[in-house]
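Only a predicted model underlies this, so the values are computations on that prediction, with no experimental measurement involved.
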Amino acid sequence: MAAICVFCASSRTLDRRWLDLATATGAEIARRGHTLVSGGGCVGMMGALVDGARSAGGRTIGVIPQALVDLEVADLASDELVVTDSMASRKVVMIEKSDAFLTLPGGLGTLDELFEVWTTATLALHRKPMVLVDTDGFYSPLVEWLRNVTAQNFLKPGGFNLLQFADTLPAALDLLESRLT
């Protein structure tokens with residue numbers, strides 16, 4: 001089975017529905033027999049994500065910079081916890097350890113991770129599938145902007161098409177799995 005990296009928020013002040021989505025994501029990844037790769041945190045959606053995976057018997061790999069370990073937000077229950085020296089090196093390790101990427105709702109950090117993975121894919125540095133989960137239209141304004149960027153030739157259509165979009169978690173995981181085979 002695959003190692004699926006999930007990007008999501010670590011905020012402690014989110015609506016319950018986003019935490020529930022993260023919990024369900026972790027659990028479904030585990031139920032489907034995949035390993036979960038995360039940003040190594042134990043708070044917000046990231047904490048709910050790993051708790052969901054473990055509750056369904058899944059294996060978790062966390063990748064976290066030392067600065068966040070020092071803030072005591074590391075997921076110390078990870079089956080494997082990789083501590084990096086920076087946020088930049090964290091992204092490199094997450095890409096290396098993952099076979100596919102799933103992006104849930106999140107803020108700047110989530111978008112930073114998504115765009116790093118997507119940019120490296122457009123440069124053919126990897127060919128790993130990526131799916132953006134647009135639950136309740138969370139990312140609809142961003143997707144519209146990205147389509148405009150593509151229409152104006154700032155992003156090639158082939159590059160745009162490397163990122164897949166799904167409205168629901170099951171559809172997102174089905175897309176990832178179809179691209180992994």
Side-chain angles (χ1 to χ4, degrees), residues 1-10 19 21-66 68-69 73-106 109-135 161-166 168-181:
M1 299 275 60
I4 298 176
C5 183
V6 177
F7 303 132
C8 62
S10 60
L19 299 173
L21 173 63
T23 301
T25 300
E28 187 61 20
I29 286 171
R31 273 194 286 281
R32 291 181 183 219
H34 302 296
T35 295
L36 171 66
V37 179
S38 78
C42 64
V43 295
M45 288 177 72
M46 203 179 304
L49 176 74
V50 295
D51 288 345
R54 282 194 284 271
S55 73
R59 183 174 190 287
T60 61
I61 300 172
V63 185
I64 189 167
Q66 183 63 52
L68 295 181
V69 173
V73 296
D75 177 27
L76 300 177
S78 289
D79 293 302
E80 179 183 345
L81 186 64
V82 179
V83 179
T84 64
D85 62 353
S86 69
M87 294 292 280
S89 58
R90 172 201 216 181
K91 291 182 284 188
V92 170
V93 172
M94 291 170 88
I95 292 169
E96 289 172 349
K97 290 200 166 282
S98 302
D99 301 309
F101 304 91
L102 188 70
T103 303
L104 298 178
T110 302
L111 291 174
D112 175 55
E113 292 163 336
L114 167 64
F115 283 115
E116 176 81 16
V117 168
W118 194 7
T119 299
T120 53
T122 65
L123 297 171
L125 298 176
H126 70 82
R127 298 195 185 287
K128 300 173 182 181
M130 304 165 290
V131 176
L132 182 73
V133 183
D134 190 21
T135 301
N161 293 332
L162 290 173
L163 182 62
Q164 302 290 296
F165 305 94
T168 67
L169 174 62
L173 289 171
D174 289 347
L175 262 174
L176 280 182
E177 290 176 333
S178 73
R179 303 261 326 270
L180 284 168
T181 57

Under 3.5 Å, side chain of Lys97 to main-chain N/O of Ala3, donor-acceptor pair present? no

Nearest non-hydrogen partners of Ala48 and Ala22, listed with the distance: CB-CB, 4.0 Å

Point-to-point distance, once rounded to the nearest 0.5 Å, from OG1 of Thr120 to NZ of Lys128: 8.5 Å

Test item: Cys8 and Leu49 side chains (from C-beta on) under 4.5 Å apart, heavy atoms: yes

Can you name the closest pair of heavy atoms from Val133 and Ala172 and give their distance? CG2-CB, 3.6 Å

From Asp79 CG over to Arg54 CZ, what is the distance, rounded to the nearest 0.5 angstrom? 7.0 Å

Quick check: does any side chain N or O of Thr119 sit under 3.5 Å from a backbone N or O of Glu116, one acting as donor and the other as acceptor? no

Give, for atom CD1 of Ile4 and atom OG of Ser38, the distance between the pair rounded to the nearest 0.5 Å. 13.0 Å

Main-chain N/O of Gly40 paired with Asp75 side-chain donor or acceptor, under 3.5 Å: no

Any side-chain heavy-atom pair from Glu80 and Arg59 closer than 4.5 angstrom? yes

Specify whether His126 and Phe101 have parallel, tilted or perpendicular ring planes, treating 30° as the upper limit for parallel and 60° as the lower limit for perpendicular. tilted

How long is the gap from CD1 on Ile61 to OG1 on Thr35, to the nearest 0.5 Å? 5.5 Å

Test your reading of the model: is there a side-chain donor-acceptor pair from His34 to the backbone of Ala2, 3.5 Å cut-off? yes

A side-chain contact here means heavy atoms from C-beta on lying under 4.5 Å apart; do Thr103 and Glu113 qualify? no

Residues Ala30 and Ala53: closest non-hydrogen pair is CB-O, 3.4 Å

When you compare the side chain of Ile95 with that of Leu125, does any pair of heavy atoms fall below 4.5 Å? no

Atom of Gly47, atom of Val50 and distance for their closest heavy-atom approach: O-CG2, 3.3 Å

Show the nearest heavy-atom pair for residues Ala166 and Leu175, with the distance to one decimal. CB-CD1, 4.2 Å

At what distance, to the nearest 0.5 angstrom, does CG of Asp99 lie from CG of Leu176? 10.5 Å

For residues Leu114 and Leu132, report the shortest heavy-atom separation together with the two atoms involved. CD2-CD1, 4.0 Å

As an exercise, state the distance from OG1 of Thr110 to CG of Leu104, rounded to the nearest 0.5 Å. 8.0 Å

Under-4.0 Å salt bridge between Arg32 and Asp174: yes

Is the shortest heavy-atom distance from the side chain of Met45 to the side chain of Leu19 under 4.5 Å? yes

side-chain contact (heavy atoms from CB on, under 4.5 Å) evaluation trace for Leu173 with Ile29: CA-CA 8 Å; Leu173 289 171; Ile29 286 171; 3.9 Å; yes

Non-hydrogen side-chain atoms of Thr84 and Pro65 separated by less than 4.5 Å: yes

Please tell me if the side chains of Leu68 and Arg90 come closer than 4.5 Å, counting only heavy atoms from C-beta onward. yes

Would you say Leu81 and Ile64 make side-chain contact, with heavy atoms under 4.5 Å? yes

